[in-house]
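The structure appears below as structure tokens.
In each ligand, atom 1 is the first atom listed, and ligand 1 is the first ligand listed. Heavy-atom basis, side chains included; hydrogens, waters and symmetry copies ignored. Computed from a predicted model, the values in this text were never measured in an experiment.
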Amino acid sequence: MTDSADVAPTSGNTDSGKSGFLPPALRGYLVAHGSPPDDILVDLAAETAALGDAGRMQIPAEQGALLTILTAALAPSRAIEIGTFTGYSSLCTARGLPPGGRLLCLDVNDEWTSVARRYWERAGVSDRVELRLGPAAESLAALPEEPTFDLAFIDADKQSYPAYFELLLPRMNTNGLIIVDNVLQSGRVLDEEDAEDSPNVLAIRGFNAALAVDARVQVVVLPVADGLTIARKLP
Ligand SMILES: C[S@@+](CC[C@H](N)C(=O)[O-])C[C@H]1O[C@@H](n2cnc3c(N)ncnc32)[C@H](O)[C@@H]1O
């Protein structure tokens, strides 16, 4: 499945595109002053970029570093990802897990996630990552409806974000974080006219508006990459 509807115009791989809200020189500075990705992540990004247009779905390096940092700080025993693709975000998350921590990855695409499996092996994290192939809404609904996860990352089909959020919330522990990607849609969330022919922008605008007044969570929207929301489940 080529998830072309998911490819944002300014999406990019490790070196370009995403974080398009910043002038290129400033983004270069920001990247140069964060910890660099290691050889495994660099190779994964190169292999993903070689996929062409689809490769632009991968999160950029600085977002990957943020995922590792947040995961390590939160030390979740169980984490979940919706939208794994070739594995960049899952590898960054898996690397932040504490001993015994587990990451459940949901995706529909066998071909792309076979790349992820190779890199989990190479990075030595495959023992702590489980992949379930199939529509994520079905995989989520099949999980016990009880608080289980401390960290969730949503980065799949945008129109399903509200459904994913509702399925995830009862499965999150109090103070658990739901991290949501592409919430600024290259800035197009601002342009009401533009959204008429863009179901993704419409869906994300509605998702953002609902989340902002959702009393179940504390929310911050960050201008990281294509916009990153962090929602903390309140007691
Ligand atoms: C933006 S990419 C994920 C990028 C990934 N997080 C990374 O860091 O490289 C979106 C992924 O969502 C998956 N996807 C799309 N629709 C889906 C669905 N209904 N259920 C599960 N996964 C889906 C696609 O197969 C694709 O791999």
Heavy-atom side-chain proximity of Asp43 to Tyr119 below 4.5 angstrom = yes

Indicate yes or no: at least one non-hydrogen side-chain atom of Val115 is less than 4.5 angstrom from one of Leu51.
-> no

Short list, please: which atoms of ligand 1 are under 4.0 Å from a heavy atom of [X]?
{"X": "Gln58", "answer": "9 (O)"}
{"X": "Val108", "answer": "14 (N), 17 (C), 18 (C), 20 (N), 21 (C), 22 (N), 23 (C), 25 (O)"}
{"X": "Asp155", "answer": "1 (C), 2 (S), 3 (C), 4 (C), 5 (C), 6 (N), 10 (C), 11 (C), 12 (O)"}
{"X": "Tyr164", "answer": "18 (C), 19 (N), 20 (N)"}
{"X": "Gly134", "answer": "20 (N), 21 (C)"}

Of the side chain and backbone of Thr84, name the one, both, or neither that has a heavy atom under 4.0 Å from an atom of ligand 1.
-> backbone

Which one holds for Trp112 and ligand 1: side chain close, backbone close, both close, or neither close, with close meaning a heavy atom under 4.0 Å?
-> side chain

Would you tell me whether Glu81 and Ser89 have side-chain atoms, one donor and one acceptor, within less than 3.5 Å of each other?
-> yes

Under 3.5 Å between some N or O of ligand 1 and some N or O of Gly83?
-> yes

Any N/O of Gly87 closer than 3.5 Å to an N/O of ligand 1?
-> no

Does the pair Asn109 and Phe85 meet the rule for a side-chain contact (heavy atoms from CB on, under 4.5 Å), with working shown?
-> CA-CA 7 Å; Asn109 191 293; Phe85 189 42; over 6 Å; no

Who gets closest to [atom] by heavy atom: [options]?
{"atom": "atom 24 (C) of ligand 1", "options": "Asn109, Asp107, Leu140", "result": "Asp107"}
{"atom": "atom 20 (N) of ligand 1", "options": "Cys92, Ser90, Ala136", "result": "Ala136"}
{"atom": "atom 8 (O) of ligand 1", "options": "Cys105, Pro135, Ser89", "result": "Ser89"}

Verdict with reasoning, Arg216 to Glu166, per salt bridge (charged side-chain N to carboxylate O under 4.0 Å, His left out) | CA-CA 11 Å; Arg216 301 170 298 174; Glu166 287 307 320; 2.7 Å; yes

Can you check side-chain contact (heavy atoms from CB on, under 4.5 Å) on Leu168 and Ile82, steps first, answer last?
-> CA-CA 10 Å; Leu168 274 173; Ile82 303 171; 3.8 Å; yes

CA sep, side-chain torsions, deciding dist, call: Leu228, Phe153, side-chain contact (heavy atoms from CB on, under 4.5 Å) = CA-CA 10 Å; Leu228 199 65; Phe153 181 50; 4.1 Å; yes

Decide side-chain contact (heavy atoms from CB on, under 4.5 Å) for Ile154 and Thr229; before the verdict, give the C-alpha distance in whole Å, the side-chain angles of both, and the deciding distance to 0.1 Å.
-> CA-CA 10 Å; Ile154 304 177; Thr229 285; over 6 Å; no

